[in-house]
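One structure is given below, encoded as structure tokens.
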Amino acid sequence: GPRSEGGGCNVTKCCCMLKQQQIHMVSIEPKSGEWDPDGDGEGGGALIKIYMASPLSLTQQEKGINLMHIESRPSRLNNQEFEFFISVDTSYSKSLDEVIDGLRTEISGHVHELSRNKQKDTVPWFPNDIQDLDRFANQILSYGSELDSDHPGFTDPVYRTRRKEFADIAYNYRHGQVIPKVEYTAEEKATWSTVFNELKTLYPTHACREHNRVFPLLEQYCGYRQDNIPQLEDISRYLQSCTGFRLRPVAGLLSSRDFLAGLAFRVFHSTQYIRHQSKPMYTPEPDICHELLGHVPLFADPTFAQFSQEIGLASLGAPDEYIERLATVYWFTVEFGLCKQGSEIKAYGAGLLSSFGELQYCLTDKPKIQPFDPAKTSLQKYPITEFQPIYFVAESFDDAKERVRKFADTIPRPFSVRYNAYTQSIEVLDNTQQLRNLADNISGV
């Protein structure tokens with residue numbers, strides 16, 4: 001059944017009975033107080049709302065109606081009662097009428113048909129405040145505690161058990177809580193030490209100046225050492241004091257839309273697990289070495305933090321095809337970006353700064369180098385299991401930020417957005433008065 005803040009619900013019995021009748025069912029949380037069966041802002045078929053104090057009777061004769069979703073929550077009018085929201089396929093409209101009429105006569109509650117022909121919304125759902133990130137943070141696409149057969153740790157039962165421990169931390173985390181401290185094992189620290197020492201030798205000559213400026217501060221304030229894996233909570237607090245960015249534990253890979261939405265709130269979803277000890281210089285997925293050595297230093301730089309947030313803001317409410325293009329922009333900048341610094345080219349992408357081999361390769365004459373232009377960069381195809389054949393070079397973080405802003409203006413959505421850092425929420429600007437109020441706030445009138 002759908003989760004609540006307490007981790008449980010009161011629809012379990014009802015759901016079990018439905019499964020026995022082999023009725024298809026989807027179950028997720030509502031978003032922003034609105035009922036949305038598949039989480040994409042499009043609504044469902046027919047939507048029926050039932051107020052009741054006793055379990056729903058499911059003794060009705062089979063009518064051939066496909067149940068798409070059922071959800072329960074405590075009634076706002078009486079905390080001893082529950083409301084059930086049910087979405088069904090409307091292909092059998094006549095049978096649906098019979099079922100609704102039957103429910104109205106058989107149960108000691110109220111039945112309301114809210115909608116039968118809801119039109120598809122043109123704007124996908126997106127989080128409005130930072131707490132909304134709780135609603136999708138656990139909807140990972142891959143990895144987590146489950147590993148693919150080609151993963152170095154697939155046949156290691158100890159490693160798999162450890163991965164489940166990390167996944168449980170992420171699954172139970174909610175915004176505002178302290179990120180639980182992890183006691184890393186001697187093997188995990190040895191893996192970290194190998195990666196840390198190898199990469200640190202390259203940073204002075206290969207990393208951008210912003211990364212090299214912040215790294216010693218992380219050593220001073222966040223416990224970055226070869227014999228110690230830093231804690232996410234310590235780093236998150238430090239980042240908040242620098243740029244307002246914060247870390248949030250995640251069990252595995254999120255969808256592009258969900259991951260980018262986090263950046264809009266200056267939230268970076270970070271793993272806590274570490275790669276398998278058998279291959280310390282290789283990982284098929286993001287791990288804590290990638291997050292802490294590659295991403296974190298740049299999130300402490302104000303200009304880069306704002307650039308990253310711009311990509312996130314551009315994703316809110318964007319059509320699917322533009323999410324894919326923004327994810328590609330993210331790939332070639334935040335993950336594998338190069339930038340000009342004086343007469344030299346340096347690396348700032350986390351995928352480069354956490355890869356000993358590719359960090360050296362990217363600054364040779366082997367790959368192709370092109371100027372960063374979001375309109376073109378967003379269409380570039382790329383491999384994910386080998387070194388990149390092409391990299392894009394930004395003139396500066398400020399220049400890249402402005403280019404992303406201009407690219408965002410080309411995204412077809414009937415509004416613009418602004419992040420309110422005081423309330424940690426998104427302000428949707430879709431009319432003249434709102435824009436006038438924003439101008440007044442900026443000018444101090």
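- Under 4.0 Å is where a charged nitrogen must lie from a carboxylate oxygen, and between D156 and R160 no such pair does.
- Using cut-offs of 30° and 60° for the angle between ring planes, the F265 and Y419 rings count as perpendicular.
- For the pair P230/W192, a side-chain contact is recorded, criterion being any heavy-atom separation below 4.5 Å from C-beta on.
- For residues 370-381, the side chain to side chain donor-acceptor pair (under 3.5 Å) pairs, not counting sequence neighbours, are R325-S378.
- T410 places a side-chain N or O within 3.5 Å of a backbone atom of F407 that can act as its donor or acceptor partner.
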Exercise. Go through the steps for R163 and H151 under the test side chain to side chain contact (heavy atoms under 4.5 Å, CB included), then give the verdict.
Key: CA-CA 12 Å; R163 286 292 294 264; H151 192 286; 3.8 Å; yes
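- Residues P319 and I411 come closest through the heavy atom pair CD-CG2, 3.9 Å.
- Judged by distance alone, the side chain of N172 and the main-chain N or O of D168 form a donor-acceptor pair under 3.5 Å.
- Residues satisfying the ring-ring contact (aromatic ring centres under 6.0 Å, His included) test with Y382, not counting sequence neighbours, are W331, F332.
- Taking OG1 from T283 and CG from D287, the interatomic distance works out to 4.5 Å, rounded to the nearest 0.5 Å.
- Rounding to the nearest 0.5 Å places CG of D398 at 4.5 Å from OG1 of T303.
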Exercise. Carefully, step by step, assess L293 and L353 under the rule side chain to side chain contact (heavy atoms under 4.5 Å, CB included).
Key: CA-CA 7 Å; L293 299 175; L353 294 169; over 6 Å; no
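- Side chain of E291 to main chain of T271: a donor-acceptor pair is present (N/O by atom type, distance under 3.5 Å, no hydrogens or angles).
- When the shell of 6.0 Å around CZ of F356 is examined, it contains more than 12 heavy atoms from other residues, nucleotides or ligands.
- A 4.5 Å side-chain heavy-atom check between P249 and S270 finds every atom pair outside the cut-off.
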Quiz item: Taking it one step at a time, do Y273 and E285 satisfy side-chain hydrogen bond (donor to acceptor under 3.5 Å, both in side chains)?
Solution: CA-CA 10 Å; Y273 55 78; E285 58 186 323; 3.1 Å; yes
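- Put simply, the side chain of K340 reaches to within 4.5 Å of the side chain of V393, judged on heavy atoms.
- Taking every heavy atom of both residues into account, I311 and Y330 meet most closely at CD1-CA, 4.4 Å.
- Between E188 and R162 there is a salt bridge, since a side-chain N of the basic residue sits under 4.0 Å from a carboxylate O of the acidic one.
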Quiz item: Can you check side chain to side chain contact (heavy atoms under 4.5 Å, CB included) on Q272 and I169, steps first, answer last?
Solution: CA-CA 9 Å; Q272 284 181 292; I169 291 175; 3.3 Å; yes
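- Residues A170 and V250 come closest through the heavy atom pair CB-C, 3.5 Å.
- Side-chain N or O atoms of R257 include none that pairs as donor or acceptor with a backbone N or O of F126 at under 3.5 Å.
- By the 6.0 Å contact criterion, CD on E187 is open, its count of non-hydrogen atoms from other residues, nucleotides or ligands being 12 or less.
- When atom types are taken as modelled, the side chain of N228 and the backbone of G223 share a donor-acceptor pair closer than 3.5 angstrom.
- One N or O on the side chain of Q231 and one on the backbone of V182 form a donor-acceptor pair closer than 3.5 Å.
- Relative ring orientation between F304 and F307 is described as tilted, the plane-to-plane angle lying within the 30° to 60° band.
- No side-chain donor-acceptor contact under 3.5 Å links Y361 and Q388.
- Ion pairing of D409 with R405 is absent here, as no side-chain N (NZ or NE/NH1/NH2) approaches a carboxylate O to less than 4.0 Å.
- Each of Y348, Y203, F299 was compared with H211 under the ring pair (Phe, Tyr, Trp, His ring centres under 6.0 Å) criterion, and only Y203 meets it.
- In this structure, Q309 contributes its side chain and A264 its backbone to a donor-acceptor pair below 3.5 Å.
- Within a 6.0 Å sphere centred on CD of Q240, other residues, nucleotides and ligands contribute more than 12 heavy atoms.
- A side-chain donor-acceptor contact under 3.5 Å links N138 to the backbone of Y171.
- In this structure the side chain of R403 reaches within 4.5 angstrom of the side chain of D399, judged on heavy atoms.
- Between Q177 and E233 the shortest side-chain heavy-atom distance does not fall below 4.5 Å.
- Residues satisfying the side-chain contact (heavy atoms from CB on, under 4.5 Å) criterion with E210, sequence neighbours excluded, are C208, L298, D301, Q341, F397.
- Note: Y391 and F336 have tilted aromatic rings, judged against thresholds of 30 and 60 degrees for the angle between ring planes.
- With values rounded to the nearest 0.5 angstrom, R248 atom CZ is found 11.0 Å from S236 atom OG.
- If you take CG on D129 and NE2 on H175, they are separated by 8.5 Å, rounding to the nearest 0.5 Å.
- Side-chain contact between F245 and S308: present, with at least one pair of heavy atoms (C-beta onward) separated by less than 4.5 Å.
- Inter-residue side-chain proximity for L218 and Q220 is flagged as unmet; no heavy-atom pair is nearer than 4.5 Å.
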Quiz item: Does the side chain to side chain contact (heavy atoms under 4.5 Å, CB included) test come out yes or no for V404 and E402, once each step is laid out?
Solution: CA-CA 5 Å; V404 168; E402 291 305 316; over 6 Å; no
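- The closest side-chain donor-acceptor pair between Q226 and S193, if any, does not fall under 3.5 angstrom.
- To the nearest 0.5 Å, atoms CD1 (I323) and OG (S256) are separated by 7.5 Å.
- The shortest heavy-atom contact between A207 and N212 is O-ND2, 3.3 Å.
- Side-chain atoms of H295 and V334, non-hydrogen and from C-beta on, do get closer than 4.5 Å to each other.
- Between L247 atom CG and Y238 atom OH the span is 13.0 Å, to the nearest 0.5 Å.
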Self-check item: Derivation and outcome, salt bridge (charged side-chain N to carboxylate O under 4.0 Å, His left out), residues K406 and E310
Solution: CA-CA 10 Å; K406 291 179 180 178; E310 288 296 332; over 6 Å; no
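- Exactly one residue among Y224, F268, F215 makes a side chain to side chain contact (heavy atoms under 4.5 Å, CB included) with V296. That residue is Y224.
- Listed here is the closest heavy atom pair of S315 and L260: OG-CB, 3.6 Å.
- Listed here is the closest heavy atom pair of A261 and F136: CB-CZ, 4.2 Å.
- For the residue pair H290 and E335, a side-chain donor N or O sits within less than 3.5 Å of a side-chain acceptor on the partner.
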